[in-house]
Amino acid sequence: MKDFIYSYPVKVYFGEKAAEKALPAELAKTGKTVMLAYGSGSIKKNGIYNEICTYLEEAGKEIIDFPGIMPNPTYKKVQEGAALAKEKGVDFILAAGGGSVIDCCKIIAAQAVTDKDIWEMEFKDHVFPSEFLPMGAVVTASGTGAEMNNGAVITNEETRQKAGVLGAYADFAVLDPACTMSLPARQVISGAFDTLSHSMETYLGSPRDINLSDEIGEAVMRNVIRNMRVLLDDIYDKEARSELMWASAMAENGILKIGKVTDFQAHQIEHQLGAYTDCNHGQGLAVIHPVLYRHIYKDNVKQFARMAEKVWEIPAEGKTQEELAEAGVKALADFIKETGLPSSFTEMGITDKGILKKVADTCNITAGCCKKLSREEILEILEECF
Ligand code: NZQ
Ligand code: ZN
């Protein structure tokens with residue numbers, strides 16, 4: 001186990017009527033001017049917007065509306081939000097949405113209190129912000145676990161990068177599975193796959209000897225697979241939605257990462273695919289994972305074999321470690337098909353093969369992946385994904 005320090009800044013209100021419990025109590029602690037940030041309007045259709053506004057009005061807040069945060073939020077949108085927050089003297093940001101809205105707000109919270117450019121600060125000077133506007137999150141789409149960490153994935157259209165930027169932690173997160181019920185089935189499944197991906201990418205990092213974090217990770221992965229299968233029968237199953245919502249938070253609240261260097265190579269490739277295609281995150285991962293794993297499992301046979309046995313419940317008897325590991329990768333690919341997630345970029349609607357080299361040339365190569373991939377190998381993987 002690597003040494004670690006663990007503490008957690010996000011207070012979680014989980015379950016039925018969580019907003020009713022959280023918002024009056026938490027808003028009593030904030031300043032008067034609250035920016036309510038959201039996406040393209042789903043919260044207006046499902047009633048969440050009205051409910052939040054009622055709590056804000058009852059708490060005597062001045063509401064600054066900030067709509068239009070797009071999936072795969074752009075740095076331009078961050079700047080728009082930060083400028084509005086500065087102009088209106090915003091005291092607190094309330095994000096209501098999925099990972100995109102929450103991520104955008106994490107960086108608005110940083111940019112709103114400085115005149116320095118956050119992107120340049122982080123990527124050129126390697127200095128990370130330490131002051132933020134406080135923020136809270138009402139989660140309407142689970143999967144990314146964005147509410148549980150201070151990393152935001154932002155698309156910089158000028159530099160053609162989709163990258164992790166460090167921003168604010170939410171002071172509190174409202175996780176009520178009922179808020180996710182209006183989410184389209186495709187997004188429910190791709191979000192849940194994102195959680196599985198986070199767990200796998202953490203599990204397959206180093207050290208390769210099993211530790212407590214990995215054993216908790218196995219439980220999270222089994223839980224996600226089981227509950228995704230429940231949703232394939234009934235997409236509105238409340239218990240499964242609720243399990244997946246907490247699994248999503250568990251995968252990204254740092255517990256599975258304790259004592260580990262994580263892998264996240266699939267994410268790095270997918271993020272750059274997103275920079276060039278604006279594709280759905282969970283779907284991109286679903287295509288990349290099996291192909292990537294076929295390329296690397298021989299470099300981490302022990303952990304891939306263990307995942308096959310403990311997560312995919314494949315009997316080890318009569319198989320070599322390598323056969324077991326390979327069977328686990330096949331089980332993952334079969335599961336992706338079973339869930340209706342895409343298995344190729346073509347199925348995702350990506351038609352321009354020309355972008356693949358750009359993705360391969362610009363994605364990060366991670367230190368935690370069991371095999372240090374070359375750019376040529378990443379291109380090969382991307383071509384196999386087509
Ligand atoms: O625009 P709105 O109206 O919010 O509609 C959204 C959007 O169209 C819709 N939606 C959300 N809640 C809904 C709903 N529609 C109906 N009913 C509801 N209750 O769903 C669509 C997708 O939303 P989005 O927030 O983009 O999805 P997701 O939560 O999957 O977030 C994806 C973003 O998070 C990043 C991804 O890269 C991507 O940019 N990630 C963030 C991470 C983090 N901060 O830790 C980790 C992840 O690995 C990931 O990279
Ligand atoms: Zn992800």
Side-chain angles (χ1 to χ4, degrees), residues 10 36-49 51 66-75 77-78 95-107 137-156 161-170 173-202 224 235-236 241 244-245 248-249 251-254 257 262-275 277-286 288-289:
V10 187
L36 176 53
Y38 53 98
S40 66
S42 63
I43 64 164
K44 290 201 169 164
K45 290 190 201 123
N46 59 22
I48 294 171
Y49 180 82
E51 189 189 353
F66 184 58
I69 298 174
M70 62 293 281
N72 304 327
T74 62
Y75 193 52
K77 194 68 187 173
V78 167
S100 295
V101 171
I102 297 168
D103 279 1
C104 190
C105 289
K106 289 175 185 172
I107 310 305
V138 176
V139 180
T140 68
S142 74
T144 64
E147 67 279 11
M148 296 301 284
N149 58 50
N150 65 338
V153 185
I154 303 294
T155 300
N156 187 325
Q161 275 172 295
K162 186 178 180 193
V165 188
L166 285 187
Y169 277 100
V174 177
L175 285 95
D176 180 350
C179 291
T180 70
M181 285 300 172
S182 54
L183 198 61
R186 265 162 53 104
Q187 181 66 36
V188 175
I189 297 297
S190 72
F193 187 79
D194 190 19
T195 302
L196 182 63
S197 166
H198 297 157
S199 314
M200 291 191 295
E201 299 232 62
T202 302
V224 172
I235 196 74
Y236 297 109
R241 291 284 190 109
L244 287 169
M245 197 169 210
S248 157
E252 277 300 310
N253 66 10
K257 299 177 185 175
T262 60
D263 170 347
F264 279 82
Q265 188 60 66
H267 265 71
Q268 296 306 323
I269 298 173
E270 195 287 330
H271 284 162
Q272 273 314 91
L273 183 74
T277 65
D278 198 26
C279 65
N280 176 281
H281 176 59
Q283 290 187 4
L285 290 169
I288 293 164
H289 263 291

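In each ligand, atom 1 is the first atom listed, and ligand 1 is the first ligand listed.
Protein neighbours of ligand 1 below 4.0 Å, counting non-hydrogen atoms: Gly39, Ser40, Gly41, Ser42, Asn46, Pro71, Asn72, Pro73, Gly98, Gly99, Ser100, Asp103, Lys106, Thr140, Ala141, Thr144, Ala146, Asn149, Gly151, Val153, Lys162, Cys179, Ser182, Leu183, Pro184, Gln187, Asp194, His198, His267, His271, His281.
His198 has its closest N, O or S atom to the Zn ion (ligand 2) at the position named NE2. When the Zn ion (ligand 2) is compared with the N/O/S atoms of Asp194, atom OD1 turns out nearest.
Under the 3.5 Å distance criterion, the side-chain polar atoms of Asn156 are left unmatched by any main-chain donor or acceptor of Tyr75. Looking only at distances, a side-chain donor or acceptor of Gln272 sits under 3.5 Å from a matching main-chain atom of Lys162. In terms of modelled atom types and a separation under 3.5 Å, the side chain of Lys45 and the main chain of Ser182 share no donor-acceptor contact. Of the possible polar contacts, none joining the Arg241 side chain to the Asp176 backbone as a donor-acceptor pair under 3.5 Å is found. Here the side chain of Thr262 pairs no donor or acceptor atom with the backbone of Thr202 at under 3.5 angstrom.
Screening Arg186, Gln187, Glu270 against Asn280 for a side-chain hydrogen bond (donor to acceptor under 3.5 Å, both in side chains) leaves a single residue, Gln187.
For the salt bridge (Lys or Arg N to Asp or Glu O under 4.0 Å) test, no residue two or more places apart in sequence or in another chain qualifies with Glu201.
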